[in-house]
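Order of the sequence lines sets the chain letters (A, B, ...), proteins ahead of strands, with each chain counted from 1.
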Amino acid sequence: MNSRSRVLLSLIFFFVTTLASAQGGGQLRFCLRSDPKTFDPVLVDDDPSERVRYITGGFLMRLNRFTQQLEPELATSWKVSKDGRTISFRLREGLRFSDGTPFSADDVAFTMQRLMDLSLHSPTGDAFRSGDGKVQTQVLAPNKISVTFPAPIASLDQHFDQVAIMSAKSPKKEMAVLGPFYVSDYKAGSYLQLNRNPNYWKHDENGRQLPYLDSVRLDIQGNRDTEMLRFLRGEIDLVDNVDAEYYSRVQTEQAGSGHDSGVTLDPEQVWFNQTPKSPIPAYKRAWFRSTNFRVAIWQALNRDDIARIVYRGRAQSAVGMLSPADKFWFNTRLTTHSYDRQGALKLLAQDGFRLQNGQLFDRDGHLVEFSLVTGAGNKTRERIATMMQQDLSQIGIKLNVVPLDFPSLIERITRTYDYEACLLGLTNMSLGPDAQMNVWLSSADNHQWNPRQKQPETAWEAEIDRLMRTQASSLDPKKRKEAFDRVQQIAWEQAPFIYLVNRHALSAISPKLHNAQPAVLQPYVYWNIDRISKSAEVASK
Amino acid sequence: MIWMRNIAIGVLAMTFAACLLAGTIAPASYAMQFREEPDAAPSHQHWLGTDDLGRDRFSRLLQGTRISLLLAPAAAFLTSVLAGLIGGIAGYWGGWTERVLMAAADLVLSLPWLFLLLTARALMPLNVSPMNSVAITFLILGLLGWAAAARVVCAGARSLRASDFSLQARAMGCGEARLLFRHVAPNLQPMLLTQFWISIPVFILAEANLGILGLGVVEPLPSWGSLLKELSGLTAISGQPWVFVPLLLLIAVVTSFQVLLVDQELPS
Amino acid sequence: MESLLKLSLSAHYANKPAVLREVTFEIGRGEILGLVGPSGCGKSTLSLAILRLLHLKRGAATGSIEFQGRDLMLLRESEMRALRGKEIGLVLQSPLASLNPALRIGTQLAEAWRAHVKSSREDCNEAIRQMLSTVSLPSDDEFLRRYPSQMSVGQAQRVLIGMAVLHRPALLLADEPTSALDPVTQSEILRLFANLSQRFNMSILYISHDLLSVAAISHRVAVLSAGQIVECAETAQVFRNPQHPYTRALVDSIPLQALNELAGNQHATARTAAAGSSK
């Protein structure tokens, strides 16, 4: 080949590649709350990093945020062994990383070894650490690999939703990705530019390469007011998670751009301190350890009012430990505790409490008064607490709300146990019982009301322990569901956590965006970012 | 400016009267949540509408005014007295007294107050009534605010000490303590009065901001600070002009006090 | 004449050694001694040293100050305080700066009175009114309620003098008391000093850089130069026969006409003093 034809050829190549990479889907803009702390998918521990990983990473399989089904991605199929220790994958062939490095089973092996490398302390890897020992990877063929863990892991395949595959060979290391976009420019504190990955493997139904979008620009913006203003001014295309308060404003100012995808997994919950070593008075601990007392409080709280007023209707009264948003695992036989002041007083009377001149006294004559700690500066929670104050005053209980800065709050509820009741929200990232293990086992650190018990202190906690272990060791989904339904039932009856409301997933989406299908699992809006487009023409093809 | 003075007196008299009579003229309890009508516009029943939990804004304004107007000046007074005493003594005596006291002032200025306030909160029992919590907060503010002012007072006292009239007073046989309190102190008064007036709005807002540390006024009690805090944020400024009434009242009251103060100032 | 004050003093400042070097003189009871010297020769140092207030200006004095038979240098501070204002009065140069701008005249005078006398409010008021009329000032309530800034300089100086003589001290130290005043007021004040001295048999140490005003009221004149008394004699003698070169220069600088008039009348009239000392 002479030099001239070589030039011509490279010119043609240039045109072909630029044409291929210019999809015409436009640039999507939205905000991250803060700088991502890492681009290394194994080390991700904060929300912005997780969001970047979601958009750039290629995963063996992924939970469809909308259908809540696990779907094949880099792996076309997989199989979990009977003992729950080994998973084997068949991989897609002929794929390349964003920098052109070919993808093979070696990359999966490399990623798994890094993930389980104890010296890296990977938070994602924690989900796989069920026992001591090393993970074993066996590359059977360039497109076949099996991974064996030292101990069985319940719902092993589900955890791979978080594992972005890294290249073993690419000189660009973690910056070479298999997802729809790669990080092309980053200015700390300012913005993050993600360009479309020209080697992304997915195609739409018409055989057109995804993603439709040309690029994504993520502005680092910590202030939520500013974020909302920028959305209303049209500077950004979406706000993934909108507070109820802002939501009504979006609705009035830009009809049609607010989206309510329905109830989320996240509960707001209250619990009483039942820890024996806590420095609170014994008579108060006795109230808190009484099931009747806890259920009475649950019944005395008007959770519908909280949903209606604090969340402006964009929440619903919670049923129990799981939100109905968890389609498979939610125990449908349970219904929310009814708001019943008289019922609450009846339950309290069974324990010897009595109402006198509008004040509640226990059987020894102590005035029923307790404090509720919650995170300071969180308007939603402060409002909930204020509403609880009024509800409880109706059954003669004096509630003192104590907003604390977050570190002090954590210190109190996890170390000194110097608190009486606590109001906190929980962000549930995953479905089902797996993430619930470290809350419900009586020996667990996050067994908030009475953590790290050597022996379960009550019969019902012992039963929950047993059921949770049963479901974790079983591979039969039906048996697991049965056991976990029972756990939900006991939690509902014993009320160690008083669940108040599950909020709705609210988002703001510019009408210019096509194919957005907001879900109730995070990320709400751009979970299908490879199919989102800003051009109607591109999207409809 | 007689008319300004009269307006100022009128504003203050009305505000104080409203505070004193808060119990009788408030249409509802400041804590009562009218849950059927949150965020309501002003009406016959709720003169200033209701807040986001359906509480009567007018009643909350009365109660908040009562708390802030009582406690903020008290804290400002405390801080001014401390600044006057410490700064005055330091500047007047000079020498190592001055060095020690001003070092203390620098220390107070440089301390990481955030952490000390957190410690203060940690030391407070959990079951504190809202009224005590807000009172303690103002007490802390009052006890901490003196340092910067004390430096100014110290410089003033130092020059007063070297002044001819101090020499004259000494030559008249005046003792040290008497000289400080009867001769020097009156000259520091304008400085301290300024400090006092500046501190009031500062403390009102500081109290609101301490909320994020778990100090300050707690639900359901209102204060000017917590009422003003509602104005922050995007949703507050959308088409509800009546929510600005607390802000206007704060401006009116502070201005009125200042008008009266200027009127009283020494002829010069 | 009976001796009231007899001193022999040296004084220095932290950064200025030997401001006064064995300054020695004597004042008799009822005598007016004029002390002249150029600016910066230590005149003011002397008055502060006598009151033992020199430390306020970071200075120190050694020697002896024999006053009414006691050596002031040996007295305790509390004893000294009892003496200041009661037995020894002080009038400073700038009347407005010497009055406390934040206190009403009545309050300041009452303070001066209460510094030495425990008495009822009526007695205090009575003493103040009497004193004010002595220095030819109004003594009505309106006047007592005034602040220093509401008075003329002359009035303020009269108030100061009145305050200094409130307790009828045996000795009055007048440190350049007229140099901030206009000529007419100056002559009035000079006459007031002479008057008070006679009336209360009060000795005055009259310090000034202006020889002519000193000559107008002094029985004797001492000349201070470079921290030492270089000449001390009867007033007339100093004028007629100055000994020291500095004294001679001082005398020579006075207009001849004024000098002639002085020669004729040792206790010059206020008019001539005023005319002669105008600068």
Greatest number of non-hydrogen atom pairs under 4.5 angstrom with chain B, of A:L399, A:V401, A:I309, falls to A:I309

Greatest number of non-hydrogen atom pairs under 4.5 angstrom with chain B, of A:N223, A:L409, A:T386, falls to A:T386

List the atom of [X], the atom of [Y], and the distance in Å for their closest heavy-atom pair.
X      : Y      : result
A:V373 : B:L126 : CG1-CD2, 3.9 Å
B:P130 : A:N400 : CD-OD1, 4.5 Å
A:Q390 : B:A31  : OE1-O, 3.4 Å
B:S129 : A:K398 : CB-NZ, 4.4 Å

Residues, nucleotides or ligands: over 12 heavy atoms within 6.0 Å of B:F34 CZ: yes

Flag if over 12 foreign heavy atoms under 6.0 Å of CE, B:M14: no

Which region of A:D243, side chain (C-beta onward) or backbone (N, CA, C, O), has a non-hydrogen atom less than 4.5 Å from a non-hydrogen atom of chain B, or is it both or neither? neither

Evaluate side chain to side chain contact (heavy atoms under 4.5 Å, CB included) for A:D405 paired with B:L118, printing each intermediate quantity in order. CA-CA 8 Å; A:D405 68 291; B:L118 287 178; 3.0 Å; yes

Which residues in residues 356-364 of chain A have any heavy atom closer than 4.5 Å to a heavy atom of chain B? none

Main chain of B:R35, side chain of A:R308: is a donor-acceptor contact present, judged purely on distance under 3.5 Å? yes

Pair A:D305, B:Q33: side-chain N/O donor-acceptor within cut-off below 3.5 Å: no

Relative to chain A, which segment of B:P38 carries a heavy atom at a distance below 4.5 Å: side chain, backbone, both, or neither? side chain

Write out, in numerical order, the residues from residues 40-57 of chain B with a heavy atom short of 4.5 Å from a heavy atom in chain A. B:D52, B:L53, B:R55

